[in-house]
Q: 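Quick one: the structure is below, and I'll ask about it shortly.
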Amino acid sequence: MELDKSLVSGSMALLVLKLLEDGDKYGYQMIEELKRRSDDTFHLKAGTLYPLLHGLEEKGFVTAYEREAAAGKPRRYYHLTKEGGAALREKEESWNAYARAVGRVLKGGACCAGA
Amino acid sequence: MPERKTIQEYLAAVEEQIRWKRARPVVALELKRHLEDQRDAFAEEGSAPEEAERLAVEEMGDPVSVGTELDRIHRPRPQWGLLLLTVALAVTGALLRVLLERAGVFSHIYAADPVRTAAALLLGTACLLGAYFLDYTWLVRHAGVVYVGTLLLTGAGLLLTPRYSGGRNYYAGYLVLLFPVVYAAWLYICRGKGWKGILLAALGGVLLAALTVVVPTTAGLLTLLLAGFALMVCAAGMDWFGVGRKKTVKATLGVTAALAIFSIWRGGLSLAERLTQLLHPELDASGAGYLSMSVKTSLGLSHLLGSADRETVSPYALGVLDWPQDFLLSEMVYKLGWLPFLALAAAIAALLVWLFRRCLRQRNQAGRLIALAVVMTLTIQAVFSLFMNMGYIIVANVCMPLLGGNLHTVIDMALIGLALSVFRGSSIVRESCPESTAPSMGEGRWPHWLAAPFRNI
């Protein structure tokens, strides 16, 4: 399914932080993981991911360090910081509130249209 | 838009958009690795090598917009405030040296030459800016060369340059001020090497300490010991060697204590004798306590603002106040009053606190160690000097940073420039993380291979 771009871009930081919640990852891994978890809905371009990650690092939400990945190649891993965790929870809450509100409106519309 | 088919072309297009040269290779490396992963994945799915590379590049997105976004994030962080404060303090020091000492009784011997002082100020500013624009990572990347080079240079200084009448070597005495920074670079070599790393760190410290004993400079030795201790504690906090934080702290305490005991023993004077001299200089007012008594007498006569009346001064004060460099601050109190001195001391304290706060916020581990070495060197000198100028001489031959002496100021300015270079580049400098060293900040769930080094803590 092709998604409206503006719908995705605002929430991308939330998704990236969420991906790091259960372990440190490098960029390529994050894109693959996001694809897998969203059943191929989110196809994040690397050109979007890296500026986003570097921006989050600047804000102190993630830290980065280098180490060898499974294949023995050095990769740059990102790690969620305490501040990043707090930001994630905040973003999750506001996303959930937004999704509930949209859901209510859509449900209401469906109900009225059906009436 | 020209089509970019190869990884090299893509990276070149991204790099063109990034204005800060230092950021380019760092950013390009990460993107390159990503592109290669993607290319290999396409190749595994059955694409021909050239086709796989083209698809990987296409998958990445527009290089110009990626480069522009990264350029916006990776900018040097100018340190104008700290640069200005440093230069202002150095200018104040130069003025004080020229104006105060020219009015002294022994001005024909010790007067600071205005031309030489101005030249030193210019050279110091050049060093400050030079170090500021320097990529400080060079120091850690070539830590071995820096360390051995310092040993050789100090050795050459010891052999070839003149000595003071007291026996202290002139140039080597100044080089010692660089030892803590050199030691911080040395620690970089020891990173992630476990107990072998700790042993190397200890040996590196002992060798530098031995050189300070040969110079000889007790102030240099104490500065190195205290700064080295702070650096090792900071390294322990980051589990620098990968043997656990507590074990690193214990090893550091052991080595520092051993060195301190050796130094006291080597110093010849017993600690009790030194303490008596420090706290009761009046017991030997014309001998070991002479300098302390002179300073205290002069300070006792000083006013809040304005010069003390020279007619009422005891014979001590006349001599010592004209000593250059070391007693510049007590001379300032005596000739200008307590208020100007307090204002100047507050400005130096502000500079040191400012540097220290920046240092604590530094995320890059090697950068944090280098900046900490600079801050510790300056702070220890400042504290010893302050005590000395109040008549409590813990060690001799220390100057207040940026104020005492031409060559001293040049070195202080170069050191501060180096710390500012760390702060300036903090948005981009990256580091590798060896197998046993995991990032130390933040919390979260750790994969087992990352949690392993912390199990012993």
Side-chain angles (χ1 to χ4, degrees), chain A residues 5 9 12-13 17-33 35-36 43-89, chain B residues 10 14 23 26-31 33-41 56-75 77 192 238 361 363-365 426-428 430-451:
Chain A
K5 266 191 176 174
S9 63
M12 215 35 100
L17 291 174
K18 189 70 187 173
L19 282 177
L20 292 175
E21 201 185 25
D22 57 358
D24 301 356
K25 291 180 184 64
Y26 58 94
Y28 187 77
Q29 227 179 355
M30 280 185 227
I31 291 180
E32 292 296 302
E33 177 84 4
K35 244 197 278 186
R36 191 183 60 76
H43 191 77
L44 178 59
K45 288 237 183 220
T48 314
L49 175 69
Y50 287 103
L52 181 65
L53 279 173
H54 292 194
L56 290 172
E57 195 185 358
E58 273 301 292
K59 286 183 192 155
F61 290 170
V62 300
T63 54
Y65 61 95
E66 203 155 285
R67 64 176 302 121
E68 283 184 5
K73 297 175 188 167
R75 290 290 175 265
R76 190 157 180 73
Y77 280 82
Y78 289 86
H79 169 75
L80 188 69
T81 63
K82 210 170 161 184
E83 296 81 32
L88 170 63
R89 279 187 290 282
Chain B
Y10 184 88
V14 171
V26 181
V27 169
L29 181 64
E30 191 175 23
L31 295 182
R33 287 172 179 169
H34 184 100
L35 281 160
E36 286 170 354
D37 278 347
Q38 187 67 72
R39 179 197 60 196
D40 295 347
V57 166
E58 209 176 277
E59 186 80 11
M60 197 79 176
D62 175 27
V64 175
S65 63
V66 174
T68 313
E69 269 298 296
L70 290 167
D71 175 63
R72 199 178 51 76
I73 296 165
H74 298 299
R75 308 289 310 143
R77 295 178 177 169
M238 303 186 276
R361 272 191 274 157
R363 287 201 301 263
N364 177 273
Q365 299 184 337
S426 61
S427 84
I428 190 60
R430 308 269 170 106
E431 60 208 320
S432 60
C433 190
E435 194 64 29
S436 52
T437 313
S440 56
M441 49 188 117
E443 53 177 25
R445 276 174 272 163
W446 298 78
H448 66 279
W449 45 264
L450 264 181

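Order of the sequence lines sets the chain letters (A, B, ...), proteins ahead of strands, with each chain counted from 1.
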Q: Can a salt bridge be assigned to the pair A:E58 and B:R77 using a cut-off of 4.0 Å between side-chain N and carboxylate O?
A: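 A salt bridge links A:E58 with B:R77.
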
Q: Pick from B:I73, B:L31, B:V27: which one makes a side-chain contact (heavy atoms from CB on, under 4.5 Å) with A:Y50?
A: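 The side-chain contact (heavy atoms from CB on, under 4.5 Å) with A:Y50 is passed solely by B:L31 among B:I73, B:L31, B:V27.
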
Q: Does the pair B:D40 and A:K73 meet the rule for a side-chain contact (heavy atoms from CB on, under 4.5 Å), with working shown?
A: CA-CA 13 Å; B:D40 295 347; A:K73 297 175 188 167; 3.4 Å; yes

Q: Tell me which of these, A:G85, A:P74, A:G55, A:G27, has more heavy-atom pairs under 4.5 Å with chain B than the rest.
A: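 Looking at each of A:G85, A:P74, A:G55, A:G27 in turn, A:P74 comes out on top.
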
Q: Sort out for me which residue in A:R75, A:H54, A:E66 forms a side-chain contact (heavy atoms from CB on, under 4.5 Å) with B:E30.
A: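 For B:E30, the side-chain contact (heavy atoms from CB on, under 4.5 Å) check succeeds only for A:H54.
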
Q: Could you tell me the separation between the CD atom of B:E59 and the NZ atom of A:K45, rounded to the nearest 0.5 Å?
A: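 So the CD of B:E59 and the NZ of A:K45 are separated by 5.5 Å.
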
Q: How close do A:P51 and B:V66 get, heavy atom to heavy atom, and via which atoms?
A: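 So the two residues come closest at CG-O, 4.3 Å.
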
Q: Heavy-atom pairs under 4.5 Å with chain A: which of B:E69, B:M60, B:R72 has the most?
A: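 That would be B:M60.
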
Q: Would A:I31 and B:Q38 count as a side-chain contact (heavy atoms from CB on, under 4.5 Å) if you check the C-alpha gap in whole Å, the side-chain angles of each, and the deciding distance to 0.1 Å?
A: CA-CA 10 Å; A:I31 291 180; B:Q38 187 67 72; 5.6 Å; no

Q: Could you have a look at A:E83, A:E32, A:H43 and say which one has the most heavy-atom pairs with chain B under 4.5 angstrom?
A: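 The candidate making the most pairs under 4.5 Å is A:H43.
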
